[in-house]
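First up is the structure itself, then whatever we jot down about it.
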Amino acid sequence: MQETINLDDQAFAALPTRERILKTASDLFYRFSIHTVGIDRIIAESGVAKMTFYKHFPSKARLVADYLRHKNVVWLQMLANATDQPGLAPVERVLAIFDALDGSFHTAPFRGCPFVRGLAEFGPDAESPEVQATIAAYFQSLHDLVADLIVPMALSNPDKAVLQILSLIQGAIVMAQTTSDPLIAEANRDAAAALLRATPNTPFRADIC
């Protein structure tokens, strides 16, 4: 009987060594947690020698930081693609964030925000400055993205509006991780729309909710 080749496995094996290690670590870290996944498991599942692993990643902290940098690019690109669609009014661009989140909530495997989870494992007392800086950079980038979307609305208190929208974003992600309710993103989208409708000097279209 001829052996059936798994195309996914074939594509994985064809990846450059560094990418194969990082993909393996990313999948394991996101499915489980950073601290529970050891280097030996990553080496075994990526199919590389220990010496090869350490050539590319001298420490687990370096691997974790690169994993989070990769997630940073993926998550922020997803949000940028949603908010940069042509023809959207300023408020619609903010609400598009929740539409993008809704798609991720329904795409397996969804395990929540890797940066919130990372923050739980690498808090202020952790001696992992590179990892902590990577987590901080993500939250700053997310803040900047929302702040840039708020600018055209000429709100009377834009800083407060940014914090409120960020709270709704993170709240939606946490709730989606802890409940199977399919309306989490929509509920937070509606809350964001109501918040922006009630904020002074906000151009708002009634048909976007």
Side-chain angles (χ1 to χ4, degrees), residues 8 12 15-16 18-46 53 56-83 96-147 149 162-163 165-182 184-185 188-189 192:
D8 289 338
F12 175 75
L15 290 174
R18 189 180 189 282
E19 291 184 28
R20 195 161 74 247
I21 295 170
L22 188 56
K23 176 172 173 50
T24 301
S26 296
D27 292 344
L28 292 173
F29 288 157
Y30 190 61
R31 284 171 53 203
F32 303 104
S33 73
I34 294 170
H35 284 328
T36 61
V37 176
I39 292 298
D40 288 344
R41 181 173 183 182
I42 296 169
I43 289 172
E45 296 200 19
S46 60
F53 173 89
H56 291 280
F57 298 98
S59 66
K60 185 177 180 180
R62 173 64 58 83
L63 176 60
V64 171
D66 282 355
Y67 152 69
L68 291 171
R69 277 191 280 266
H70 171 71
K71 286 293 188 182
N72 189 344
V73 172
V74 172
W75 278 66
L76 292 177
Q77 188 60 58
M78 175 188 74
L79 298 182
N81 289 342
T83 58
I97 292 174
F98 297 93
D99 297 331
L101 291 177
D102 187 57
S104 69
F105 294 167
H106 296 94
T107 301
F110 177 72
R111 298 287 192 274
C113 174
F115 303 96
V116 170
R117 295 175 62 188
L119 191 61
E121 296 190 69
F122 295 90
D125 296 329
E127 296 181 359
S128 299
E130 186 177 8
V131 175
Q132 291 168 310
T134 305
I135 294 171
Y138 164 77
F139 285 110
Q140 184 62 53
S141 296
L142 181 61
H143 178 281
D144 293 345
L145 183 147
V146 174
L149 295 175
V162 170
L163 292 177
I165 296 299
L166 288 172
S167 296
L168 289 171
I169 291 170
Q170 293 300 336
I173 295 171
V174 172
M175 287 297 292
Q177 185 182 0
T178 58
T179 178
S180 58
D181 193 320
I184 292 299
N188 283 271
R189 185 186 193 278

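Remember, predicted model here, so these are calculated numbers, not experimental data.
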Check Cys113 against Trp75 and note the closest heavy-atom contact, atom names and distance. CA-CH2, 4.1 Å
Please report the closest heavy-atom contact between Asn72 and Ala137, naming both atoms and the distance. ND2-C, 4.3 Å
Which heavy atom of Val131 sits nearest to which heavy atom of Ala61, and what is that distance? CG2-O, 3.6 Å
Just by modelled atom types, is the His35 backbone N or O under 3.5 Å from a matching donor or acceptor in the Glu121 side chain? yes
Pick one: which of Lys23, Arg18, Lys60, Lys71 meets salt bridge (charged side-chain N to carboxylate O under 4.0 Å, His left out) with Asp66? Arg18
Can you list the residues that meet the ring-ring contact (aromatic ring centres under 6.0 Å, His included) rule with Phe115, with sequence neighbours excluded? Tyr138
Intermediate values then yes/no, side-chain contact (heavy atoms from CB on, under 4.5 Å), Ile169 and Asn188: CA-CA 7 Å; Ile169 291 170; Asn188 283 271; over 6 Å; no
Quick one: CG on Asp181 to CZ on Phe105, what's the gap to the nearest 0.5 Å? 11.5 Å
side-chain contact (heavy atoms from CB on, under 4.5 Å) for Ile42 and Phe29? Distances and angles first, verdict last. CA-CA 10 Å; Ile42 296 169; Phe29 288 157; 3.8 Å; yes
To the nearest 0.5 Å, how far apart are CG in Leu168 and CG in Leu163? 11.0 Å
Between Asn81 and Gln77 (side chain of the first, backbone of the second, donor and acceptor by atom type, cut-off under 3.5 Å), is there such a pair? yes
Inspect the surroundings of CE in Met78 and state if more than 12 heavy atoms from other residues, nucleotides or ligands are less than 6.0 Å away. yes
Heavy-atom nearest pair, Leu15 first then Arg20, reads O-NH1, 3.1 Å
Quick one: does Thr179's side chain have a donor or acceptor within less than 3.5 Å of a partner on Met175's backbone? no
Kindly determine whether Arg111 and Phe32 satisfy side-chain contact (heavy atoms from CB on, under 4.5 Å), including the steps that lead there. CA-CA 9 Å; Arg111 298 287 192 274; Phe32 303 104; over 6 Å; no
Rounded to the nearest 0.5 Å, what separates atom NE2 in His56 from atom OG in Ser46? 10.0 Å
With no hydrogens and no angle check, is any side-chain donor or acceptor of Arg117 less than 3.5 Å from a backbone partner on Tyr30? yes
Compare every heavy atom of Ser33 with every heavy atom of Thr36, then report the nearest pair and how far apart it is. OG1-OG, 2.7 Å
I need the minimum non-hydrogen distance between Ala100 and Leu79, along with the two atoms involved. CB-CD2, 4.1 Å
Is the number of heavy atoms from other residues, nucleotides or ligands within 6.0 Å of CZ (Arg41) greater than 12? yes
